[in-house]
Amino acid sequence: MFAPGRVNVIGEHTDYNQGLALPFAITDGITVRASSREPDPDGGHVEAIARDLQESDRFALSNPEPTTGWRAFVRGAVSELQDAGFPLLATHLEISGGLPQGAGLSSSAALTVALCMALLELSPSHDKPGEPTIDRLALARLCSLIENDWAGAQTGLLDQIASLFGASETALCIDFQTLEVKPVPLRLQGWRFAIADSGERHVHASSGYNERRAECAQACELLGVSSLRETNLDRLHDLPEPLQRRARHVLEENDRVRATMAALASDELDAVGEQLSASHRSLRDLYQVSTPAVEATVDRLMRAGADGARLIGGGFGGSVLGLFAPDVPLPPDTLEVSPGPGAHVLAR
Ligand code: GLA
C-alpha cells in the first residue's frame, strides 16, 4: 500500500479553524507491505520493520502500549482500527519510503494512511480489493485521531485528506467547515513548483504547533464563536495580542486560498506566486511560525528567481515551496513536485 506526502499550495493553519486549503498529493510517499503471520506461534502479535531506519517493533494485537517515534503510529493504527470495529490478525508490516520526517511534506500522515490501508486490506472484514472498508473521509478522521492521541500532535485533517484524495494534475480545494473536497485542475503551462529543505526538522508534538491551535481556540472563546470561520476581520479588534494576529492570519489566509483559486482558473500563475509570498509574510509576522533557517531558504528561492515562496506545513522548520516561471531554471538543492495519485495499492 502506498500513501503519498503532500505539498500545500496555500491555506496554512486553516484546517483546524474550519477554513480553506489547497494542497496536492505528491508522487513521493510511504509504502507499507502487510502480510499475515500464520500460524502465529505466540498468538496475536504485530511485527513491524522500518526499513530505512533499520528499526523494528513487536507488540501484542490485544494491547498496543503507547510509545514514541514511528512506532507510535503503528501501535496507534492497530489499536484505533480495532476500536473502530475492524478485526485484525497477527501481521507483519514492512515500512519503506522516501519522505524525510519533519520536513513539512506530511510524512506522518503518509505513514498513518499507508498503515491503516494496509491493515484494513488484511482485515477479515475487508471485501473490496484496493479500497478501504470505510469511506476515505472517515479514514482521514481516524488517521488524524491516531496522530492526535498517539503522537500527541493536535494536527487537523489537511494532510490525511490530501494523501487519501490526491489525483494526478489536480490540487484539492478543501473546505474544512463542510469537509467538501473539490478537485481543482492544475494547469501549470510550464510553470513549476519546487521545494527546498530548510534543513531544520520539526516535531509538531513539541514545536509551537499545539500552542497555536490553543491560541485559536482561545480567540474563538473570546469572540463567542465555535470556529474562526464564523467571524470576520472587523470583529477581531477587541482581541488581545497575540490572539488578534493569529486570527487575522487565518481569516486572510482563507481569502488568499480563494484568490489563488481564481488566479488558477484564469491561468494567472504570476498572481499565484504573489499569493504564496503574501501567505509566507503572514505566517512569519502574524502567525509567527517561521525560523531563521526557513527565512534564509525563502530568500534563496526568491533570489534564484521564484515568483513566490513560502513555508509549507506547520512551520518551525521544514520545507519551503517556490513557484518558478517556465524560463527560470530550478535552483540547486530543490526538488520539483507535481501532483500524483492518492493512497493506492502498489503492484507487487
Ligand atoms: C501540519 C498539520 C496540518 C496543518 C498544517 C498547517 O501539516 O499536520 O493539519 O494544520 O500543519 O496548515
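Hydrogens, waters and symmetry mates are skipped; everything else that's a heavy atom, side chains included, is used.
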Salt-bridge contact Asp285-Arg248 (side-chain N to carboxylate O under 4.0 Å):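 So Asp285 does not pair with Arg248 through a salt bridge.
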Charged N-O contact under 4.0 Å between Arg75 and Glu65: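 No, no charged N to carboxylate O under 4.0 Å.
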Mutual orientation of the aromatic rings belonging to Tyr16 and Tyr209 [parallel < 30°, tilted 30-60°, perpendicular > 60°]: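 Perpendicular.
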Beyond-backbone contact of Glu80 with Trp150, side-chain heavy atoms, under 4.5 angstrom: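 Sidechains of Trp150 and Glu80: in contact.
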Side-chain touch Thr297/Glu200, heavy atoms, less than 4.5 angstrom: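 Not in contact.
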Please say yes or no: joined through hydrophobic side-chain contacts below 4.5 Å, possibly via intermediate residues, are [X] and [Y] part of one cluster?
{"X": "Leu286", "Y": "Val294", "value": "no"}
{"X": "Val250", "Y": "Leu239", "value": "yes"}
{"X": "Ile49", "Y": "Trp70", "value": "no"}
{"X": "Leu61", "Y": "Phe86", "value": "yes"}

Leu53, Thr31, Ile30, Val32 screened by side chain to side chain contact (heavy atoms under 4.5 Å, CB included) with Ser96, the one that passes: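 When Leu53, Thr31, Ile30, Val32 are each tested with Ser96, the side chain to side chain contact (heavy atoms under 4.5 Å, CB included) holds only for Thr31.
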Around atom [atom1] of [X], are there more than 12 heavy atoms from other residues, nucleotides or ligands closer than 6.0 Å?
{"X": "Glu169", "atom1": "CD", "result": "no"}
{"X": "Glu241", "atom1": "CD", "result": "yes"}
{"X": "Glu268", "atom1": "CD", "result": "yes"}

Side chains of Ser108 and Glu147, donor plus acceptor under 3.5 Å: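 Yes, because at least one side-chain N or O of Ser108 sits under 3.5 Å from a partner of the opposite role on Glu147.
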Minimum heavy-atom distance Gln275-Arg256, with the two atoms named: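 For Gln275 and Arg256, the tightest heavy-atom pair comes out as OE1-CG, 3.0 Å.
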Donor-acceptor pair, side chain of His45 and main chain of Ala90, under 3.5 angstrom: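 No; judged by distance alone, with no hydrogens or angles, the pair does not exist.
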Under 3.5 Å donor-acceptor, Ser163 side chain and Ala110 backbone: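 Not at all, since once roles are kept as given, no pair shorter than 3.5 Å links the two residues.
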